[in-house]
*Asks:* 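Could you have a look at this structure, given as structure tokens, before my questions?
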Amino acid sequence: MGKDYRQIIADTYASILSQENLGKVPDYIPEIACIDENKFGVSFTDLNGFNFGVGDFEEKFSIQSISKIFALSFTYEKLGEELWKRVDVEPSGTAFNSLVQLEADHGIPRNPFINAGALVICDVLLENCKNPKDEILLYIRELTDDESADFNEKVAASEMQNSFRNAAMANYMKSFGNIRSQPDAVIELYCHLCSIEMSCRQLSKSLLYLANGGKLPGSNKHIISLNKARRINAILLTCGFYDESGEFSFLVGLPGKSGVGGGIIALYPEHYCIAVWSPKLNPKGNSYRGMKFLQEFTMQTRESIF
Ligand code: GLU
């Protein structure tokens, strides 16, 4: 008999809601600092199209670093294995915005999900696309089968004005030749990708292709090859949660990615995708309730990739 995901999600949601909501909304992006910190939504979508959501799952929020998955997937499909000459696939063990490893690593970021790596991906996008912003947006809209995912220009502008660390990284990597466009253009694109707003419902739909061997469920259209999908999932598992990636793997055991907007997305290959949003972050920068929810959810379902 199949599991009653609806019941498990509703019970887990109620249990987490009844517990303390610890953590802190990040204050370094002013437009995000003013969000209602008690927002909490969960959405589950499986490969057959069954969707179930609870709480604020239809409200859009800033997906922030979750957009790094779309940028990577789009770029990897375009460039193929060449991409790995410019960005590595190793967990960093440092904060998402750390500069510390770049000197020792000669300007090659440890992975595409830390800021330095995502800046390189943005640079590759600028080199290879006529209009990278529009192309990524179209890509996300195709994945969600929904036209409404969009940039929030206020958030993008607010981030651009506060992008001192990202600017430092982009300039530093440029000195090694691993950024080819002008750093300002790279940061402009990066901040726009971070500013994309989506709901948990849209997010839980958007990554189904990675749970489905690179194909859109339904149409079976290839978004990326099976091997590339497997590799992105491997990077999600090892690098998706900043320097808490080991912990997420240990406690949850699914490939996933978080963002400082409080979103987390995780997928169970060949089965489903689940997105959680709760803005307060733990000290490692991951959603406090999101982590707790997914830990409890996988305890209940007893499903992980291990
Ligand atoms: N816009 C954020 C930054 O670059 C993204 C961080 C994140 O979500 O990890 O600082």
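Counting convention: from 1, in listed order, for ligands and their atoms alike. Values below: every heavy atom of this structure, side chains too, minus hydrogens, waters and symmetry copies.
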*Asks:* Any atoms of ligand 1 less than 4.0 Å from a non-hydrogen atom of Tyr242? List them with their elements.
*Replies:*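 Once the distances to Tyr242 are compared, the set is 7 (C), 8 (O), 9 (O).
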
*Asks:* Pull out every atom of ligand 1 sitting under 4.0 Å from any heavy atom of Cys194, numbered as shown with elements.
*Replies:*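 Every atom of ligand 1 under 4.0 Å from some heavy atom of Cys194: 1 (N), 5 (C).
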
*Asks:* Which of the atoms of ligand 1 are close to Tyr28, meaning less than 4.0 Å from one of its heavy atoms?
*Replies:*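 Reading through ligand 1 atom by atom, the close ones are 2 (C), 3 (C), 6 (C), 10 (O).
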
*Asks:* Does ligand 1 have a heavy atom under 4.0 Å from the side chain of Val260, from its backbone, from both, or from neither?
*Replies:*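 It is both backbone and side chain that touch ligand 1.
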
*Asks:* Considering only protein heavy atoms, which is closest to atom 4 (O) of ligand 1, and at what distance to one decimal place?
*Replies:*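 Among all protein heavy atoms, the one nearest atom 4 (O) of ligand 1 is Tyr190 OH, 2.6 Å.
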
*Asks:* Using a 4.0 Å heavy-atom threshold (strictly under), name the region of Arg165 that reaches ligand 1: side chain, backbone, both or neither.
*Replies:*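 Looking at Arg165 and ligand 1, no heavy atom falls under 4.0 Å.
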
*Asks:* Answer side chain, backbone, both or neither: which part of Asn166 comes under 4.0 Å from ligand 1, heavy atoms only.
*Replies:*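 The answer is the side chain.
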
*Asks:* Check the pair Leu102, Met173 against side-chain contact (heavy atoms from CB on, under 4.5 Å), reporting the backbone distance first and the verdict last.
*Replies:* CA-CA 8 Å; Leu102 280 178; Met173 290 189 289; 4.0 Å; yes

*Asks:* Check ligand 1 against Ser65 and write out every atom of the ligand that is under 4.0 Å from a heavy-atom position of the residue.
*Replies:*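 Under 4.0 Å from Ser65, ligand 1 has these atoms: 5 (C), 6 (C), 7 (C), 8 (O), 9 (O).
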
*Asks:* Is there a donor-acceptor contact under 3.5 Å linking the side chains of Glu77 and Ser73?
*Replies:*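 There is no such pair (donor and acceptor under 3.5 Å, judged by atom type) between the side chains of Glu77 and Ser73.
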
*Asks:* Which hydrophobic side chains are connected to Leu208, either touching it within the sub-4.5 Å cutoff or through other members that do?
*Replies:*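 Result for Leu208 is Leu47.
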
*Asks:* Looking at atom 5 (C) of ligand 1, what's its closest protein heavy atom, distance included?
*Replies:*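 Of the protein heavy atoms, Gln64 OE1, 3.2 Å lies nearest.
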
*Asks:* Can we call the ring centroids of Tyr76 and Trp84 under 6.0 Å apart?
*Replies:*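 When the ring centroids of Tyr76 and Trp84 are compared, they turn out to be within the sub-6.0 Å range.
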
*Asks:* Side chains of Asn227 and Ser225 only: does a donor on one sit below 3.5 Å from an acceptor on the other?
*Replies:*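 No, because no side-chain N or O of Asn227 sits under 3.5 Å from a partner of the opposite role on Ser225.
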
*Asks:* Do you know which two heavy atoms are closest between Met198 and Phe70, and how far apart they sit?
*Replies:*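 For Met198 versus Phe70, the nearest heavy atoms are SD-CE1, 4.2 Å.
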
*Asks:* Who clusters with Met299? Use side-chain heavy atoms, under 4.5 angstrom, across I, L, V, M, F, W and Y, and order the result by chain and number.
*Replies:*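 Direct or chained contacts put Met299 with none.
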
*Asks:* List every atom of ligand 1 that sits less than 4.0 Å from any heavy atom of Gly259, numbering the atoms from 1 in the order shown and giving each element.
*Replies:*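 Once the distances to Gly259 are compared, the set is 8 (O).
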
